[in-house]
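This structure is a prediction, so every number in the text was calculated from the model and none was measured. Excluded from the calculations below are hydrogen atoms, water molecules and symmetry mates; all remaining heavy atoms, backbone and side chain alike, are included. Proteins come first, then strands; the chains are lettered A, B, ... in the order of their sequence lines, and each starts at number 1.
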Number of protein chains: 2
Amino acid sequence: MTTVRTPTRNRGNRRAEILAAAATLFAARGFHGVSIEDIGAAVGVSGPALYRHFSGKEALLAEMLLDVSSRLRESAAAVVTARTGPEETLDALLDVQIIFALEQPALITVHDRELGNVPEPQRRQIRRLQRLYVEEWVTVLAELHPGCPPPRLRAATHAVFGLLNSTPHSAGELSARAMRPLLRAMARAAIGASAATG
Amino acid sequence: MTTVRTPTRNRGNRRAEILAAAATLFAARGFHGVSIEDIGAAVGVSGPALYRHFSGKEALLAEMLLDVSSRLRESAAAVVTARTGPEETLDALLDVQIIFALEQPALITVHDRELGNVPEPQRRQIRRLQRLYVEEWVTVLAELHPGCPPPRLRAATHAVFGLLNSTPHSAGELSARAMRPLLRAMARAAIGASAATG
DNA sequence: CGGTTACGTTAATGATGACTAACATCGTCC
DNA sequence: GGACGATGTTAGTCATCATTAACGTAACCG
């Protein structure tokens, strides 16, 4: 009755459940600070059960980061190909990053800390997606600030990410509802200032 | 002749050397991703030699973070007690953080990632220093933006830290020389925007 | 000199942890 | 009703690692 229809249905849920739990733990204690047993315990199974779903701890991390960087990149690409004005596009990009950071702080944290623990085949791919994501931003910024050299735009983009991803650190200070417009306003202003000569 | 005068002189150097090497390694691979043997190798001695200088791995981390948070807090306190106008004070605070982030990226990285691995007696003290540091900022910001609720100021402060500490991520994009004014301008603008109603 | 102190070294030792093996359970499908 | 596949379980196994032990060495001090 309450049992599940298809095994496949369950498999997906369990995998997602594990990935979510692992993200939280990795964000809190770092990849090497979390054991397979810890992750299992977090979803109510114990230890080696995880090997029914992932080929290993590193594979789990790889899938997690690949998923995050794909989603970010796809969202950004969608926004950009919508081809509105650069101002509106920038706003949409800001929304993508802000909403993601507010809704998935653990994933964001892991995403920019643990790439070094992903084994080589997939590491390259994640890097590639991250780079593409940054380039979407840089392209839009270049339209808004023509004449600003790309390295400067890239550095500014990273700085804005740092600003937006600060969310996990100020957890509890402000509600997500209040955080969103604050981050938005600060990011916009910071971007505006990045155009100045220096 | 080239031998050292006092043993105490050498001890300090070695300790500092170890702390610096450990900071770099911790920043790159995380506390649990670095072994005592790794740290020893980085300074040319091997493994257990470190126990001549530190009582253990956690103690090493604790001293490192205590040192960073003390220095930041002291610098901020000095700037604030200088009692110039709030605008100038804010500029000086920005300089403190920017220079530190540009000159010691590894320390900054470890400082906001690895507090969780410091054992309890000292963890509390580090937290206290970090809180005091933030409060120096909040006090100054409150003067500049009266009527802005403190939680909002705190969130804005953390966001600015995130922006400034992005340096390790954009390493290589821009020289420190070019980075400094960029970060400064972006941070000032972001702070200015944080006052708006939201 | 003889002893102490500072600093290293190379072997244990004892935990912890990733991963594997061998063995259930239990729907689903024929 | 029995085979199968998906999913767990518990008991190894084998590395890695923090920490300790036991043992040099060499500078300095008396």
Side-chain angles (χ1 to χ4, degrees), chain A residues 1-23 25-26 28-64 110 114 116-120 122, chain B residues 1-23 25-26 28-64 110 114 116-120 122:
Chain A
M1 201 194 262
T2 51
T3 48
V4 195
R5 195 61 53 90
T6 78
T8 317
R9 189 71 59 81
N10 239 6
R11 176 170 249 242
N13 290 344
R14 192 58 116 181
R15 277 175 71 85
E17 206 182 346
I18 291 170
L19 284 166
L25 289 169
F26 289 162
R29 314 211 291 262
F31 182 72
H32 292 293
V34 176
S35 73
I36 287 288
E37 182 65 35
D38 291 335
I39 302 172
V43 301
V45 303
S46 247
L50 301 195
Y51 290 87
R52 298 294 170 190
H53 302 276
F54 300 92
S55 71
K57 200 185 172 189
E58 287 183 334
L60 193 159
L61 178 68
E63 180 164 331
M64 193 167 115
V110 175
E114 306 290 5
N117 291 309
V118 176
E120 235 334 326
Q122 303 143 77
Chain B
M1 199 193 257
T2 52
T3 49
V4 195
R5 194 60 54 90
T6 77
T8 317
R9 188 70 59 81
N10 238 5
R11 174 171 252 245
N13 290 346
R14 192 57 115 179
R15 278 174 70 84
E17 207 180 345
I18 292 169
L19 283 166
L25 289 169
F26 288 163
R29 314 211 291 261
F31 181 71
H32 293 292
V34 176
S35 73
I36 288 286
E37 181 65 36
D38 291 334
I39 301 172
V43 302
V45 303
S46 248
L50 300 196
Y51 288 86
R52 297 296 169 190
H53 302 277
F54 299 92
S55 69
K57 200 186 173 188
E58 287 182 335
L60 194 159
L61 178 68
E63 180 164 331
M64 193 167 116
V110 175
E114 306 289 5
N117 291 308
V118 175
E120 234 335 324
Q122 302 142 79

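Looking only at side-chain heavy atoms (C-beta outward), Val118(A) and Glu58(A) stay at 4.5 Å or farther from each other. Using a 4.5 Å cut-off on side-chain heavy atoms (C-beta onward), Leu60(A) and Ile36(A) make no contact.
Interatomic distance, CZ of Phe26(B) versus CD of Glu114(B), reported as 7.5 Å (0.5 Å rounding). Here the CZ atom belonging to Phe31(A) is positioned 12.0 Å from the CG atom belonging to Leu25(A), to the nearest 0.5 angstrom.
Between the CZ atom of Arg52(B) and the C1' atom of dA6(C) there is a distance of 8 Å, given to the nearest Å. As a whole-Å value, the separation of Glu17(A) CD from dT7(D) P is 12 Å. Regarding Phe54(B), its CZ atom lies at a distance of 16 Å from the P atom of dA6(C), rounded to whole Å. Going from atom CD of Glu58(B) over to atom P of dT19(D) covers 7 Å, rounded to whole Å. Rounded to a whole Å, the CZ atom of Arg15(A) is 14 Å from the C1' atom of dA6(D).
Scanning residues 29-51 of chain A for heavy-atom distances under 4.0 Å to DNA chain D yields Val45(A), Ser46(A), Pro48(A), Ala49(A).
When the side-chain nitrogen and oxygen atoms of Arg14(B) are compared with OP1 and OP2 of dG8(C), one or more of them lie within a distance under 4.0 Å.
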Side chains of residues 38-50 of chain B: which donor-acceptor pairs under 3.5 Å do they make with residues two or more places apart or in other chains?
| from | atom 1 | to | atom 2 | distance (Å) |
| --- | --- | --- | --- | --- |
| Asp38(B) | OD1 | Ser35(B) | OG | 3.4 |
| Asp38(B) | OD2 | Arg29(B) | NH2 | 3.0 |
| Asp38(B) | OD2 | Ser35(B) | N | 3.0 |
| Asp38(B) | OD2 | Ser35(B) | OG | 3.2 |
| Ser46(B) | OG | Glu37(B) | OE2 | 3.2 |

task: Please assess Ile18(A) against Arg15(A) for the test side-chain contact (heavy atoms from CB on, under 4.5 Å), listing each intermediate value before the final yes or no.
output: CA-CA 5 Å; Ile18(A) 291 170; Arg15(A) 277 175 71 85; 5.8 Å; no
